[in-house]
Amino acid sequence: MKTNRVTIHTLRQMKERGEKITMLTAYDATFARLLDESRVDILLVGDSLGMVIQGQETTLPVTLDEVIYHTRAVCRGTHRAQVVGDMPFMSYQTGVVQAMENAGRLIKEGGAHAVKLEGGAQHAELIARLTAVGIPVMGHIGLTPQSFHQLGGFKLQGRDAATRERLVADARALEQAGAYSIVLEGMPSEVAAEVTAAVGIPTIGIGAGADCDGQVLVIYDMLGMNDSFKPRFVRRYEHLATRIRTAVDAFVADVQEGNFPGEDESFFLEPERRPVRPQATVSALAHVGACGPEPTPSSDRSDEHSDPFYSTPHRPK
Ligand code: KIV
């Protein structure tokens, strides 16, 4: 079957051609559809969902069932991007058989096209077994959040010669075992560049400088959904926290002041005899300078009873 999906082969070719790979996290179908339309190459259903969706302090409490649930939703929103399901803490560390069953669930039940797991050489056997049964594996080395307690926090890795060498050795072991790409998180740019040059598979950096083959960010971070979280490696492309608050404040004010819903947003039994209300004053949105309400098509009142309550959502082909 011919596919327009980004595959592990597409990504390998991109590295060979020197084309940068884009990856963002996604946790639901609506975001997935938008990111897919923008041709993001890989959508990662990261265990970061524990922090940005569930409000946990770390990624450690996330369960496999939760990642499967979000992966299913993300898959429904995509046509082109590769969807990678993150193996959560303790879903692959207790033994190869259990790890394979869990990775299999991410593919079978979640619909993921690949799985990601944290760690280097210690997982070589598992990765070899997974790729042998047809499950592509993305590695993840450097700052590995599932080792939060062992690392003593979210700290930059690879600062001394010994850990730098270990990172290069881990990357080579992952490639040798069959991993198709590696996330490099939280390490100096020079170290990430050395790792990237040492392997033939693409590296995807986060807080690892510009010399990786691609870049990944947590979608909520790059959209500025949390004003109090702005680590150095994140570039905010939006300030959605402010914009969302502005929009919601306007909704609250509109409802409290009787400005929402307006006539065009209401249904009437007898449209031609509907009560004449003074035209709603300017929406609170206009006061705050945000984008105003969507223009509503002027409705043909005589036809109002046959209007569907919801119009069919647009689904990209
Ligand atoms: O869980 C996650 O979102 C990740 C990325 C930060 C790489 O592992």
Side-chain angles (χ1 to χ4, degrees), residues 11 20-28 31-32 35 40-64 66-71 73-74 81-93 102-103 106 110 112-120 123 136-148 151 153-158 167 170-171 174 179-187 192 195-196 201-209 212-223 225-226 229-236:
L11 299 168
K20 292 284 189 188
I21 296 164
T22 53
M23 172 159 129
L24 285 170
T25 65
Y27 315 101
D28 65 51
F31 265 105
L35 307 188
V40 175
D41 298 309
I42 307 173
L43 300 192
L44 170 67
V45 187
D47 60 0
S48 51
L49 73 86
M51 300 171 79
V52 296
I53 302 287
Q54 298 175 342
Q56 316 262 18
E57 293 285 310
T58 69
T59 59
L60 301 179
V62 173
T63 67
L64 183 67
E66 287 164 350
V67 180
I68 290 172
Y69 169 87
H70 287 280
T71 304
V74 167
Q82 180 186 66
V83 177
V84 179
D86 216 358
M87 306 255 334
F89 183 55
M90 281 300 141
S91 68
Y92 57 99
Q93 290 93 337
N102 288 338
L106 267 173
H113 310 124
V115 302
K116 176 170 86 56
L117 51 86
E118 295 183 9
H123 296 306
V137 180
M138 176 180 278
H140 183 161
I141 58 176
L143 195 177
T144 44
Q146 289 175 17
S147 305
F148 178 83
L151 299 176
F154 296 121
K155 291 184 179 159
L156 197 73
Q157 302 297 301
L167 285 170
D170 274 337
L174 290 172
Y180 73 96
S181 71
I182 312 173
V183 169
L184 305 183
E185 178 165 0
M187 63 184 73
V195 173
T196 300
I201 54 176
T203 60
I204 319 275
I206 174 163
C212 301
D213 299 306
Q215 296 293 328
V216 54
L217 284 175
V218 170
I219 184 73
Y220 281 30
D221 297 345
M222 63 87 81
L223 293 178
M225 296 278 271
N226 180 350
F229 184 71
K230 170 66 183 83
R232 176 185 169 133
F233 64 87
V234 169
R235 182 175 296 175
R236 279 190 187 149

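Counting starts at 1 for both ligands and their atoms, following the listed order. If you're wondering where the values come from, they're calculated on a predicted model, not measured in any experiment. Starting from 1, each residue takes its place in the sequence as its number.
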Numbered in order shown, the ligand 1 atoms found under 4.0 Å of a heavy atom of His140 are 8 (O)
Can you list the ligand 1 atoms lying under 4.0 Å from a non-hydrogen atom of Thr25?
3 (O)
With atoms numbered from 1 as shown, which atoms in ligand 1 lie under 4.0 angstrom from a non-hydrogen atom of Gly46?
1 (O), 2 (C), 3 (O)
Step-by-step side chain to side chain contact (heavy atoms under 4.5 Å, CB included) determination, Phe229 to Met51
CA-CA 12 Å; Phe229 184 71; Met51 300 171 79; over 6 Å; no
Yes or no: does Glu118 have any heavy atom under 4.0 Å from an atom of ligand 1?
no
Have a look at ligand 1 and work out which part of Leu49, if any, has a heavy atom under 4.0 Å from it: side chain, backbone, both or neither.
neither
Under 4.0 Å, counting heavy atoms only: does Met23 come that close to any atom of ligand 1?
no
Looking only at protein heavy atoms, which one is nearest to atom 5 (C) of ligand 1, and what is the separation?
Leu44 CD2, 3.6 Å
Tell me: protein heavy atom nearest atom 8 (O) of ligand 1, and distance?
Lys116 NZ, 3.0 Å
Under 3.5 Å donor-acceptor, Gln157 side chain and Lys155 backbone
yes
Protein contact to atom 6 (C) of ligand 1 [nearest heavy atom, distance to 0.1 Å]
Ile206 CD1, 3.7 Å
Starting from atom 3 (O) of ligand 1, what is the nearest protein heavy atom, named by residue and atom, and what distance separates them?
Ser48 OG, 2.6 Å
Just so I know, are the side chains of Val137 and His123 near enough to count as touching, which here means a heavy-atom distance under 4.5 Å?
no
Under the side-chain contact (heavy atoms from CB on, under 4.5 Å) test against Glu118, which residue among Asp47, Ile141, Leu143 passes?
Asp47
Heavy-atom pairs closer than 4.0 Å: do any link ligand 1 to the side chain of Asp47, the backbone, both, or neither?
both
Is a side-chain N or O of Asp86 found less than 3.5 angstrom from the main chain of Val45, in a donor-acceptor match?
no
Distance (rounded to the nearest 0.5 Å) between Phe233 CZ and Glu185 CD
6.5 Å
Ignoring hydrogens and geometry, is there a side-chain-to-backbone donor-acceptor pair from Thr25 to Ile219 under 3.5 Å?
yes
Okay, side chain of Lys20, backbone of Cys212: is any donor-acceptor separation there less than 3.5 Å?
yes
Polar-atom distance check: Glu185 versus ligand 1, any N or O pair below 3.5 Å?
no
Below 3.5 Å, N or O to N or O, backbone or side chain included: is there any such pair between Asp86 and ligand 1?
yes
Could you check whether the rings of Tyr220 and Tyr27 sit parallel, tilted or perpendicular, using 30° and 60° as the cut-offs?
perpendicular
